[in-house]
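A, B, ... follow the sequence lines: proteins, then strands. Residue 1 opens every chain.
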Amino acid sequence: MNNNIFLCGVGGQGTVLASKLIASAAMKKGIPVMSAETIGMAQKGGSVTSHLRLGDDLYCPMLGDGMADIIIGFEPAEAVRNLHYLKPDGCVIVSENPVKPVTSMLKDTGYDGTEMIAYLKRHIKHLTIVDCESACREIGSMKAMNMVLLGAALRSGAIDLSMDDIKTSMRERVKPQYVEMNERALDYTA
Amino acid sequence: MKKAFLMGNEAIAMGAIAAGVRLVAGYPGTPSTEVLETVAKHNDGSIYVEWSTNEKAGMETAAGAAYTGARTMVTMKQVGLNVASDPLMSLEYIGVKGGMVIMVADDPGPISSQTEQDTRHFAAFSKLPCFDPSSVQEAYDMIQDAFRLSEAYGTPVFFRPTTRVCHGYASIDVKEESEYEACDPEGFVKDTMRWVIFPRTSYLNHKKIEERNKKLSDVFSAYDRNLIESASPKKAIATHGISWTYTKEALAAAKKAGTGDMPSVLKVSTPFPFPEKLAVDFLRGKEEVLCIEELDPVIERALVYVCGKYHLDVKIRGKLTHDVNDAGENTCGSVLQDITAFMGWQIAPPATAADDETLPELPVRPPVLCAGCPHRASFYAVKQAMKGRKTIFCGDIGCYTLGNAAPLDMVDTCLCMGAGINMAQGVWHVEPDTTCFAFVGDSTFFASAMTGVVNAVYNEADMILVVLDNSTTAMTGHQPHPGTGHRMMELVPGYVKPDIANRVSIEKVLEGIGVKAIEIADPMDLASSVAAVRKLADMSGVRAIIFRLPCAVIIKPDQPFAVDQASCIGCRKCINSIGCPAITFEDGKAHIDSASCTGCSLCSQVCPVGAIKGAASDE
């Protein structure tokens, strides 16, 4: 069986590192991995996605509709935008904090993410909403968001890896002075 | 063998290293850039790596090195090949001694490009063999085949991945260093009949090339990466590259859904010379073939040709028959849909969590200039200076193309690298009452704008060149260029940097060409920048202004600015003038996101009531 994970957000939010961490943890366990990232112009504040696939008999790094077991949404509207990738009983982990695009500021559309969160609440049974702004403030770094969400995703049970697997990979990949902070971030939703 | 988790572009680079590549040149361009960067990072010192000034320079450098017998590679994106097409079309006749791979990444969609051109056509046009990998693992293995074939036949070969292969990641099998091929070039051996192109030699070589390509068609028919997977005797799919993986996924999904008859599949990994014998074997006895391709219907046309040549009564379908989309990328979903229709299956589209209700209106999120981007300030200064005057702002390719968006709206044209500067001249020759501006980045200036400046000066045009010098090639991920004094070899352990860095000065180039008025401005000093532009606008002839400030992403940000909520009058002038993504509005007042603000100060210079302040002015 494949385990399909979808990460989405806005360029610069740290989705790529979270995706890399999952991939390296899976590889350590001998699980084949494929993934695909948004690279290029969209990274400059546009919508970005990471497709991540673990398991045997993989051909294509990109997910099709209804294939994802879990969506990790770094931004409420981005989670909703990509919901078509999620299987009907799939799991969503989402940050409730909106990133307001310049276009909505110029036209004053009033976008604040609440409508997106309400939609997710109505439609997704396995839903975890995280206040990442508070979490990051408590942890002491705005960069901790990806680890907070990844921790919540692991706790959902929709990813075939344990917290220990991820922590081991994390320790190998981040600078020693950030290990402790990242551990607190991964454990934040515990 | 060992396992490694690599991006497609990294796999191409590691494959080239395993094949003993000695020189890699290229010009950055999404989705090709990481190939050259990876070679530089994994260079033990035996490989010469450079970012060339443009693709033509890169192609010629790699060709010269291949004349010595070294294995070489040149990397670029698809539109870069247009720039390199002059040496390409002649090199075809001369050939090479060492293996030479022309690595050109195509970009279906297009995702980060201005065209959906198909390099497989360029391969056929230049009569050079072409490899088309479908996955990260295949890219790693196939580039090594490409080097061997190139050297065996004394011809450059194309290696053409697409974005999803370039930017896909996979855990793949790679060689141990002890398994790498050695490259020990003989050196250049003088032989004018071989290395000097003349009409007579080209005539003789043309005959040889046609003979060789006939032979290569047979070689490729036996190549194990061109394969037929047989199932249905009547219906079949012909595909390539990433679309082959979508096809495999679609067939697996259909099997799971319990459909009966499965189509046969032909995977074409070498679109040129087309593996004709293999295609005949594949087509015999078939009734219908659906060609699933991205970009142009190359395989489809080849199969139509083969059917005609061998009198095979097979209906070939695909883009030409509107069974597959003409433009844009294929996806797992689109391929499943196309195959389902072709096979006449009764399977519902996959159920998703988003099925049951229309989604709420989603915010549009186009890419924008970063918070603190010096280009925003430069565009705004020119806009302010030229208010009320008849102008055209010719843009170019780079981050600064994003200056087209509201509220800046400062890009009236954009065509290709370096085009803006000549287009501004063209407009002026017909509309002399228009002040014609051309914006160009520093890397693009060196790549393809300098000849345009010569053209303007020589032909006595009237225009203002605006060089947006952010000291890097920002859009593609911050590569060095001639104006930075940095080179890729600096990444190699043990590289000794010369005492005097060869930094090419933009202003000295302009002076040398004969541009009479040259201003240099700090874009974050709005008043001075506006004054400098006005001064130039009141002059005539070819004038230039260089806005110089490093890209906000490569320098340490200053302390963020903040809005004094008591002073803010909610006029929205800040957001409506400069559209910085760090500015938001809540309860009618401006706020600055401290995490993304770089302290560039531009908004504080725009605010009419002085409500925006930096850390230094807090006391």
Side-chain heavy-atom pair B/Ser134, A/Tyr59 within 4.5 angstrom cut-off:
no

Could you tell me which portion of B/Gln137 (side chain, backbone, both or neither) has an atom closer than 4.5 angstrom to a non-hydrogen atom of chain A?
neither

By a 4.5 Å heavy-atom criterion (distance strictly below it), what part of B/Cys399 contacts chain A: side chain, backbone, both, or neither?
side chain

Pick from A/Arg53, A/His51, A/Lys107 with the largest number of heavy-atom pairs that fall under 4.5 Å of chain B
A/Arg53

Check whether any side-chain heavy atom of B/Pro349 lies under 4.5 Å from a side-chain heavy atom of A/Asp65, and answer yes or no.
no

If you count heavy-atom pairs under 4.5 Å between each of A/Lys143, A/Met142, A/Glu37 and chain B, which one has the most?
A/Glu37

Per-residue contact mode, B/Ala590 against chain A (heavy atom under 4.5 angstrom):
neither

Check each atom of B/Ala595 against the heavy atoms of chain A and say whether the ones under 4.5 Å are side chain, backbone, both or neither.
side chain

Given side chains that start at C-beta, do those of B/Pro360 and A/Met116 come closer than 4.5 Å, heavy atoms only?
yes

Say whether, by atom type as modelled, one donor and one acceptor occur between the side chain of B/Arg164 and the main chain of A/Pro61 under 3.5 angstrom.
no

Side chain, backbone, both or neither: which part of B/Leu359 has a heavy atom under 4.5 Å from chain A?
both

B/Thr331, part contacting chain A, at a heavy-atom distance under 4.5 Å
neither

A/Met27 versus chain B, heavy atoms under 4.5 Å apart: side chain, backbone, both or neither?
side chain

How close do A/Met62 and B/Tyr246 get, counting heavy atoms only, and between which atoms?
CG-OH, 3.9 Å

Interface moiety of A/Leu52 toward chain B, non-hydrogen atoms closer than 4.5 Å:
neither

Under 4.5 Å from a heavy atom of chain A, the part of B/Thr30 involved:
side chain

What residues of residues 95-103 of chain A sit under 4.5 Å from chain B when you count only heavy atoms?
A/Val99, A/Lys100, A/Pro101, A/Val102, A/Thr103

Interatomic distance, B/Glu249 atom CD to A/Asp57 atom CG [nearest 0.5 angstrom]:
9.5 Å

Steps toward side chain to side chain contact (heavy atoms under 4.5 Å, CB included) verdict (B/Arg572, A/Asp108):
CA-CA 10 Å; B/Arg572 304 183 84 93; A/Asp108 199 11; 3.8 Å; yes

Is the side chain of B/Ser171 donor-acceptor paired with the backbone N or O of A/Val33 at a distance under 3.5 Å, no angle test?
yes

Would you please test B/Thr352 and A/Leu86 for side chain to side chain contact (heavy atoms under 4.5 Å, CB included) and show each step?
CA-CA 6 Å; B/Thr352 90; A/Leu86 191 67; over 6 Å; no

Under 4.5 Å heavy-atom distance to chain A, tell me which part of B/Leu369 shows up: side chain, backbone, both or neither.
neither

